[in-house]
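Below: the structure, in structure tokens.
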Amino acid sequence: MLLTRDDLILTDEQNRFDVPAIAALIQNTYWASHRGVEQIAASLRSSTCLALMRGEKTLGFVRAITDHSVNSYICDFVIAEECRGQKLGTWMLEVLMAHPDLVRTSQLLITKDAAAFYEQHGFAEHPYVCMKRPTQAWS
Ligand SMILES: CC(C)(COP(=O)(O)OP(=O)(O)OC[C@H]1O[C@@H](n2cnc3c(N)ncnc32)[C@H](O)[C@@H]1OP(=O)(O)O)[C@@H](O)C(=O)NCCC(=O)NCCS
């Protein structure tokens, strides 16, 4: 899948991905500053991902872990700082939610401070507790 908007490209084709640039975007977030490039590259290969590019430059990234039929988990969503507030995240989320790998699934995510963004797209706080068991495998 490859979509265009003006001079922007949005694609799930991983052979087009600039993995070091995507890793830099992800490492610049509050949740993944210590994640290594090797671990990030492995996570991409096992996920449905979208990369947003202008020419050679990577401007945004999001990925989802999905079973294609019941549940998916959206994570590592980041737009380059200088490109935020231009509805690019909206475009990426709409395309991801409608992606064939996710469209039939319940879509989950965890956010610290961007709930208002996701609420515009039908996400709502779940009444159950979100639990996490951290791994030491990559440290
Ligand atoms: C969150 C993020 C992906 C949104 O992408 P974006 O391109 O900046 O968002 P958009 O321009 O499409 O914003 C659409 C709307 O959501 C709102 N919005 C965007 N980011 C928001 C945030 N962090 N919290 C609350 N509302 C937000 C915008 O104000 C806008 O509102 P409007 O329609 O009333 O004008 C991007 O800001 C980002 O990369 N943030 C840093 C990383 C991050 O927090 N990622 C999400 C982790 S769960």
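Both counts, for ligands and for their atoms, begin at 1 and track the order of listing. All values reported here derive from a predicted model rather than from experimental measurement.
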### Query
Quick one: is the NZ or CZ of Arg35 closer than 6.0 Å to the six-membered ring centre of Trp138, and within 45° of its axis?
no
For ligand 1, which atoms, with element, lie under 4.0 Å from some heavy atom of [X]?
X      : value
Val78  : 39 (O)
Ala114 : 22 (C), 23 (N), 24 (N)
Tyr118 : 46 (C), 47 (C), 48 (S)
Gln86  : 11 (O)

Identify the closest protein heavy atom to [atom]: which residue and atom is it, and at what distance?
atom                    : result
atom 3 (C) of ligand 1  : Ile79 CG1, 3.8 Å
atom 37 (O) of ligand 1 : Arg84 CD, 3.5 Å
atom 14 (C) of ligand 1 : Thr90 OG1, 3.3 Å
atom 9 (O) of ligand 1  : Phe117 CE1, 3.8 Å
atom 24 (N) of ligand 1 : Asp113 O, 3.4 Å

### Query
Any non-hydrogen protein atom below 4.0 Å of atom 29 (O) of ligand 1?
no
### Task
May I ask whether atom 46 (C) of ligand 1 is less than 4.0 Å from at least one protein heavy atom?
yes
### Message
Side chains of Ser72 and Thr66: any donor to acceptor distance under 3.5 Å?
### Response
no
### Query
In terms of the angle between their ring planes, are Phe17 and Phe61 parallel, tilted or perpendicular, with boundaries placed at 30° and 60°?
perpendicular
Distance-minimising heavy-atom pair for [X] and [Y]:
X     : Y     : answer
Trp91 : Thr4  : CH2-C, 4.1 Å
Met1  : His99 : SD-CD2, 4.3 Å
Ser47 : Gln14 : O-NE2, 3.3 Å

### Query
Is Gly85 close to ligand 1, meaning an N/O of one under 3.5 Å from an N/O of the other?
yes
### Message
Is it the case that ligand 1 has an N or O less than 3.5 angstrom from some N or O of Ala116?
### Response
no
Say whether, by atom type as modelled, one donor and one acceptor occur between the side chain of [X] and the main chain of [Y] under 3.5 angstrom.
X      : Y     : value
Ser46  : Ser43 : no
Gln107 : Met97 : yes
Arg63  : Leu50 : no

Could you check which of [options] puts a non-hydrogen atom nearest to [atom]?
atom                    : options                : answer
atom 31 (O) of ligand 1 : Gln120, Lys112, Glu119 : Gln120
atom 7 (O) of ligand 1  : Gly60, Gly89, Ala80    : Gly89
atom 11 (O) of ligand 1 : Glu81, Glu94, Lys87    : Lys87

### Message
Could you tell me if the side chain of Thr90 sits less than 4.5 Å from the side chain of Glu94, heavy atoms only?
### Response
yes
### Query
Hey, is CZ on Arg104 packed in by over 12 heavy atoms from elsewhere, all under 6.0 Å?
no
### Message
I'd like to know whether Tyr128 forms a ring pair (Phe, Tyr, Trp, His ring centres under 6.0 Å) with His126, so could you lay out the CA-CA distance, the side-chain angles of the two residues, the decisive distance to 0.1 Å, and finally the verdict.
### Response
CA-CA 6 Å; Tyr128 297 171; His126 196 282; 4.6 Å; yes
Are [X] and ligand 1 in contact, using a heavy-atom cut-off of under 4.0 Å?
X      : value
Ile110 : yes
Leu88  : yes
Trp91  : no

